[in-house]
K.L.:
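There's a structure below that I have some questions on.
Within every chain, numbering begins at 1; the chains are lettered A, B, ... in the order of the sequence lines, protein sequences first and strands thereafter. Fair warning: this is a prediction, and the values are worked out from it, not measured in the lab.
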Amino acid sequence: MLTRFGRGVVRTRSDCSVFSYSEDTLRILDLEYLLSPNHDPVFWTPELLDRPSFWWGHVPFAFWLVAKSEPLLLVELGTEYGVSYAAFCEAVARSRLATRCYAIDTWKGDLHVGAYGEDVYSGLKDFHDKQYASFSQLLRRSFDEARSDFADGSIDLLHIDGVHTYEAVRHDFDAWRSKLSDRAVALLHDTNERQRDFGVWRLFAELKREMPTFEFLHSHGLGIVAVGTHVPEPIKKLCRLTDGVEIAKIRDRFSYFGARWSAEHRAREEAAQTRALERKLAAAGVENSAVERRLAEAGVEKSTVERKLAEVSVEKSSAKHRLESLTGRLGVLQSELDRQRSEVDRLNSLFFMAQRLARRAGKFPFSIYFRGKKKYRAILKSLRTETVLAVALPTLSDKPTASAAVAEAAPQEPHPGGFKAESLAHLHSMIPPEIVKAQDLRYGDEPLVSAAAIHEALAEKTKDTNRRGLILSFSHDDYATIRGGTQLCVGIEEREARAEGFDYLHVHPLANLQFLAPANVADLPFLRLTLNGSVLGICSYLTLRDAAKQFRENGVAQFVVIHHLLNHAIEPVSEIIQATGRRRCWFWLHDFFTICTNPHLLRNGMSFCGAPRSDSAGCGICAFGVARKAHQKRISTFFEETEIYLIAPSEFVADLWRDRAGLRYASLTIKPHLELEWTTVQSNAKTANRPVRVAFIGAPSLHKGWPYFRKLAEEYRQDENYDFLYFGVHSVDLSVPRFYVNVTNDNQGGMIDALREAGVDIVLHVSPTPETFSFTTSEALASGAFVVTNAGSGNTARTVAQTGRGLVLDHEMDVDAAFARGDVLRLGKKARELRVAERSKVTYSKMTIPFLVAESM
Amino acid sequence: MAVHAFTSFSYAYLNRARVLAESLRRHHPDWILWAVITDKEPDGFVLDLNREKFDRVLTAEDLLGEATDSWLFGMDVVEACTAVKGHALQHIMEEPNAEKVLYFDPDTAVFASMEPMLRILNSASIALTPHQIDPDTELMAILDNEISSLHYGSYNLGFLAVRNDVEARRFVAWWATRLYKFCHNQLDIGVFVDQKWCNLVPCFFDNVKVVRDPGYNVASWNLSQRKLWITSDGEILVNGVPLRFYHFTKLGPIGDTMTRRYAGNNLVVYEIWWWYRQRVVALTEPNIPDNWWYYSTYSTGEPIPKFVRERYRSESALRDAFPSPFTDGLRNWAANEFASAV
């Protein structure tokens, strides 16, 4: 039979289905598995995000299905806005398949969706022809009319999504069945929809009895039918699954992935509604001008009336009836004014809600959160149904304000104060907890240990007379599982301690309070202990104090190192130090927690404050100000009771601490966490001629300056002079290449290697936070990149200034100008040239251990 | 001798007045703080001075006696709370130990010692703070700020300071008299409550100090010419001098809009506003209904239209006929008189 639409030729690709892994491999879930490109299709981004559809939830599966089944001929019956069809086409394009695709629809609507306008087709055609015309066609005809265009046994993937009555869908399936190949897979949408006269579920139930199937239940249901006898292996396995747990798992996972696009689409819809609302408000502003004019006229009229009233007061008796009439009219005007004013308030309030929601709606996954909340659903509903008619009124009776335009204007986007001013909307006064209860603490399955048990655990080791002693190390969290500079330091210290013959007992609280813990926790099972890297158990401060006392009595030398007091109750820590019999401790200044509850000294979490007195006006308006006073008092008592040997990782922190802390201490030593040396090398290698690569490293947070990087990456997205890259373990709200790098104690140079391999030229470190050391700065420099930073970045700025490897801007905001002037571009090229001629050597600190070795001699 | 400070408000503004009192107390624990309240407590709330930062309370009845009701009936809440300022100031100046008296609007807050203002009063009898002390250059700012000052008064009467001397007492006597009869929002005849009257103060009185220090009375109407920042010693500076007090005028959308318009990227301004909102919320009394004002309704609870108030204050015959205007008599008369209008 002659056909108009034939099959293409397959480019061979290896079958790398995720389902071809063994169960064991699936269970391992190791890093390699997580990073496998096999999963890529599920995470692809659809291109047609602004169209309505009940199909959004199935888009990741469509990507996966096409990528894994590699159909030669794909046909969709019923396309409407094209969401499913575009997903199929996108998968074909991304997988570089030789698939021919056809969408068949009249684009006039049907029984279930109703009639719709020509714009649905024209909108899809515009998009389609630009994106997929090389392998796809939109056929505007009925399904029956189109059938003769396809040869029997030619279609590998058929998606039926036309009229959803049982009769219609049965007819479609039967009519097209002969066109399906022996590899064919059929998809039926709405298998889980039973309202009205929907009947796809019934057809699917019948087909299930005849051939292998799989059904997703979300987004109204999607049935997969393995029609052919030789369907591709991954689909065959999917349709033959019998284990309920596995079926549920696959359903759940694709439902979860699909929810991302449903949510994204809804967020866009809501944003569009907000924009429409804003346009309405703008239009209402025009109308408002007319209202203002009318009110101005009314104002003039009011003056006239009042002048007449004055005249009437002179000729009161003769003009009484006229006075009454005019006074009455004034009343009507006033009532109208009052009514209009209340309407303005209501509209402004709506406008604020719309703005807030629009901001939230754009931020997945937060959009899921706010749609899940009844309160926000109600607000959204009210936004959709409200008609905005008027905005504002001129003020006739207020105190000095402004021109009439003032009243109409609700705060506009973007905030003139920038992202920091915007963040104030979410800021609250920081008040520490007054009490912590045992039930507030989260325990794992670690055992509660007594002082005797702690003693016993160490007993074996202390028999060895060559042991130097026991280090009691305090920090705020579990250094083994939580990432961060301080945690890395503790890990290094533990390793070096063991190498030098110490035992290392690490102590961290179970609660994450963001403050000092209240003293009442002293007898709660509040602490988690690890001995030489292995978990020992849970105990209270009092238990640990008793254990320290017992060690002392047994002649065990104990050394206390404090890395952080956050989340700790400071009073019982002091008691433990006293119990060791030495009354002294080594104390690391990893940040400024000894000065303020905000350890970065950021006033209101956004601007470096310089650590003024707690009774200063600056502290008075700070969210951390109230808590700071009590905090300082407790810290001060601790420093009074104990002989403190401070270690600062940089001169910067030492200088600032000496100047501002006002605390008593025994000594202050500067010991950088790592040191860098460069040596010149002979090389004939040429520098690559490519865009300057600008990277951001680590947590994409406000206090690390992520908003500056995000803004620049978006602004220079199309600029061929720059590439923007992210390095770290976090997800980022920005479409840039993301390099997953997790620096651990087993992988200390991981970030340096990753930056070097990616050829990063510039690391952007523009932030309000005064760094006490900054591993990322050192790692950047060690990799051969230059660092662009601001004067307020503490040790980062000092290091860049001292090494000359980068640029120190006066203010954070100057980074825009540095890019605009081409300074960063020139700097990036310079870094690249220098990288060819130099090699860096990195030496990591052994933390407190050299001091303790000397002390134990 | 003592320094007295007072503010004037209705209970709806008690939260703001508390923030002011808290800030004054922080910097001047020895001052005597007065709350002038033109209102009566709503059901469920009793003002307990032991729990307030204020030392003393004055009410409209304390100041005007039996005439209070008929006088207050002619005014709305803004007019009433400003009209009492003259009499309150006179009353406080009669205190035997009152050396200097300062008035602050309830929506202001003090951020540094007011000692320099007291020093100004060592030589001046009356100190006024203008809305603006530097000319604007942009058209919008000229319209918003300078033209508004021409319209509503050159000096902002959210603040006033006097030394208790002959000249100041002469001023206060004049001001209180004018406010008794003409403290209305009547821009068509050139009157704007207590404020516009003070345009005449430098004309009528000696020893008047127009304070051109940008640290006083910072508000949206002068932010276009004032830049705020915070030093590493925690001092808030305005154009390089310490911020003495900020006027948080129009807490809400209008205030936000005007602040954004003129603060621009001056982050400290937004931080100060953030702090103010937090304190106002923290010190809000849950048992006081929003917009509460005892004198806003007849004794029946029915709202009093503005035009009835204006008619009442303009006709002595009406005042004679209804000396207790909040009762049914005047309400029934108004219902009949204005039936066609309402």
Side-chain angles (χ1 to χ4, degrees), chain A residues 302-303 306-307 309 313 324-325 327-332 334-335 338 345 348-349 351-352 395-403 405-407 409-412 415-418 420-421 424-425 427-429 603-604 606-623 813, chain B residues 26 76 78 111-112 131 140 143-145 147-149 151-153 156 185-189 192-193 195 220-221 230-236 242-243 249-250 253-254 256-258 260-261 263-267 269-272 274-275 278 282 305-308 310-311 314 337-338 340-342:
Chain A
K302 188 181 174 195
S303 304
E306 284 169 346
R307 274 201 305 278
L309 273 173
S313 68
E324 286 169 5
S325 149
T327 311
R329 192 162 179 193
L330 263 178
V332 173
Q334 188 63 47
S335 303
D338 291 342
D345 289 343
N348 277 337
S349 155
F351 187 38
F352 295 144
T395 51
L396 295 182
S397 60
D398 282 348
K399 278 192 172 184
T401 54
S403 57
V406 171
Q412 298 297 307
H415 197 299
K420 289 184 180 178
L424 285 167
L427 183 68
H428 299 285
S429 288
R603 188 183 58 252
N604 288 321
M606 60 183 67
S607 303
F608 176 51
C609 67
R613 287 165 54 96
S614 58
D615 59 359
S616 67
C619 284
I621 63 159
C622 177
M813 266 106 72
Chain B
R26 185 177 306 127
D76 64 24
V78 174
F111 290 90
H131 283 108
M140 183 181 278
L143 290 169
D144 280 345
N145 301 332
I147 302 257
S148 281
S149 287
H151 217 43
Y152 294 93
N156 180 260
N185 179 1
Q186 232 179 321
L187 291 169
D188 56 314
I189 61 163
F192 181 70
V193 289
Q195 187 163 279
S220 55
W221 52 70
I230 302 179
T231 69
S232 59
D233 287 329
E235 192 173 22
I236 306 176
L243 170 65
T249 185
K250 302 211 178 322
I254 292 175
D256 280 354
T257 301
M258 294 308 292
R260 286 181 185 206
R261 184 177 290 175
N265 64 2
N266 195 170
L267 185 64
V269 174
Y270 304 111
E271 290 184 70
I272 290 174
W274 171 84
W275 166 83
Q278 297 282 316
K306 176 89 173 173
F307 56 82
V308 175
E310 288 173 346
R311 178 77 175 270
S314 65
E337 188 74 359
F338 295 105
S340 60
V342 289

K.L.:
Check each atom of A/S614 against the heavy atoms of chain B and say whether the ones under 4.5 Å are side chain, backbone, both or neither.
P.N.:
neither
K.L.:
Please report the shortest heavy-atom distance between A/A421 and B/Y270, naming the atom on each side.
P.N.:
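Of all heavy-atom pairs spanning A/A421 and B/Y270, the closest is CB-CD1, 3.9 Å.
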K.L.:
Of the non-hydrogen atoms in B/D233 and A/S616, which two are nearest, and what is the gap between them?
P.N.:
O-CB, 3.7 Å
K.L.:
Looking at CG of B/L267 and CE of A/M606, how far apart are the two atoms once the value is rounded to the nearest 0.5 Å?
P.N.:
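So the CG of B/L267 and the CE of A/M606 are separated by 5.5 Å.
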K.L.:
Which distance, rounded to the nearest 0.5 Å, do you find between the CG of A/N604 and the CD1 of B/I272?
P.N.:
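The distance works out to 10.5 Å.
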K.L.:
Taking every non-hydrogen pair under 4.5 Å, which of A/G610, A/G418, A/S429 racks up the most with chain B?
P.N.:
A/S429
K.L.:
What heavy-atom pair brings A/C622 and B/W274 nearest, and what distance separates the two atoms?
P.N.:
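Scanning both residues completely, I find the closest heavy atoms to be C-CZ3, 4.2 Å.
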K.L.:
Where does B/Q278 contact chain A at under 4.5 Å (heavy atoms): side chain, backbone, both or neither?
P.N.:
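B/Q278 touches chain A through side-chain heavy atoms alone.
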K.L.:
Name the region of A/A611, side chain, backbone, both or neither, that has any atom closer than 4.5 Å to a heavy atom of chain B.
P.N.:
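Interface part for A/A611: backbone (N, CA, C, O).
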K.L.:
Could you pull out the closest heavy-atom pair between B/S232 and A/P612, with the gap in Å?
P.N.:
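Scanning both residues completely, I find the closest heavy atoms to be O-CB, 3.4 Å.
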K.L.:
So which atom in B/W275 and which in A/I621 form the shortest heavy-atom distance, rounded to 0.1 Å?
P.N.:
CD1-CA, 3.6 Å
